[in-house]
Amino acid sequence: RVSPFLAPYLRLNKGMKQVLITSVIDPQILKSTHEKIVFTNPVTALKKIKETISHDIFIVVCHTDTARAEKWLTQVSGIDLVILGRQPGVSEKKLDINGAMVAFNNNRGQFVSHVDLVPNDGRYAVSGPLNTKLQSRTIPENRSIAKLLVLRTEFFQRSEERRVGKECRS
């Protein structure tokens, strides 16, 4: 059954370039849920989309960790940028897997990671990643997002206080 909530890809026209965006998920993650969704092999899915949908730039969101993403990406060429959705932390240095620049999820969204795509022999070279901490002096504040960030910070503070309290009692 095809889920109405999952799109196999998104293709955007940006200037004179077509940007193809898709995502793949680690099948092991699904085993921990009660959802009855069947996914194809991530490598097979990436190859099929890459070969059948015309594009100039190919971006993939991998819902997995670095090790598994590397295993998949070594089997698929032609990806320009990979965002690891389940890898914590911030990319401090350039990580390239089979020609694809890799960015992390940026420490639970506290940072925005961005790269520059520069034309190079019919493809794009990627510089970066550059990481910008989300704070009002670097990025103009959006009130709705600011409120969510305050709630998020309060949640993590309470969680940390509970954790420390339990350690002190033990």
* Structure fact -> Between Ile25 and Pro42 the two heavy atoms that sit nearest each other are O-CG, 3.9 Å
* CD1-CE distance between Ile59 and Met101, expressed to the nearest 0.5 angstrom -> 12.5 Å
* Side chains of Phe58 and Val19 in contact at under 4.5 Å (non-hydrogen atoms) -> no
* **Atom pair CG (Leu20) and CG (Asp56), whose distance is rounded to the nearest 0.5 Å** => 10.0 Å
* Minimum heavy-atom distance Cys62-Trp72, with the two atoms named -> SG-CE3, 4.2 Å
* Does the His55 side chain pair with the main chain of Ile53, one donor and one acceptor, at a distance under 3.5 Å? -> yes
* **Lys47: side-chain contact (heavy atoms from CB on, under 4.5 Å) partners, not counting sequence neighbours** => Val43, Glu51, Val76
* **Approximate separation, where rounding is to 0.5 Å, of Asp26 CG and Thr64 OG1** => 4.0 Å
* To do: Determine whether Leu81 and Ile79 make a side-chain contact, defined as any pair of heavy atoms from C-beta on separated by less than 4.5 Å.
  => no
* Yes or no on side chain to side chain contact (heavy atoms under 4.5 Å, CB included) for Thr22 and Leu10, after CA distance, side-chain angles and deciding distance? -> CA-CA 6 Å; Thr22 192; Leu10 176 65; over 6 Å; no
* Determine the minimum heavy-atom distance between Gly78 and Lys50, stating which atoms define it. => CA-CD, 4.4 Å
* Asked: Any side-chain heavy atom of Val60 within less than 4.5 Å of one from Leu46?
  -> yes
* Is the shortest heavy-atom distance from the side chain of Val102 to the side chain of Asp96 under 4.5 Å? -> no
* Structure fact -> Closest heavy-atom pair, Ile57 versus Asp80, reported as atoms and distance to 0.1 Å, is CA-OD2, 3.2 Å
* How many angstroms lie between atom CD of Glu70 and atom CD of Gln75, to the nearest 0.5 angstrom? -> 11.5 Å
* To do: Taking Asp65 for its side chain and Arg68 for its backbone only, find out whether a donor-acceptor pair lies under 3.5 Å.
  => yes
* Return the set of residues passing side-chain contact (heavy atoms from CB on, under 4.5 Å) with Thr44 (not counting sequence neighbours), or none when no residue passes. => Asn41
* Asked: What heavy-atom pair brings Asn98 and Thr74 nearest, and what distance separates the two atoms?
  -> ND2-O, 3.6 Å
* Taking side chain to side chain donor-acceptor pair (under 3.5 Å) as the test, write out the residues that go with Ser54, two or more places apart. => Arg11, Gln18
* Asked: Below 4.5 Å, heavy atoms only, C-beta onward: do Ile21 and Leu12 meet side chain to side chain?
  -> yes
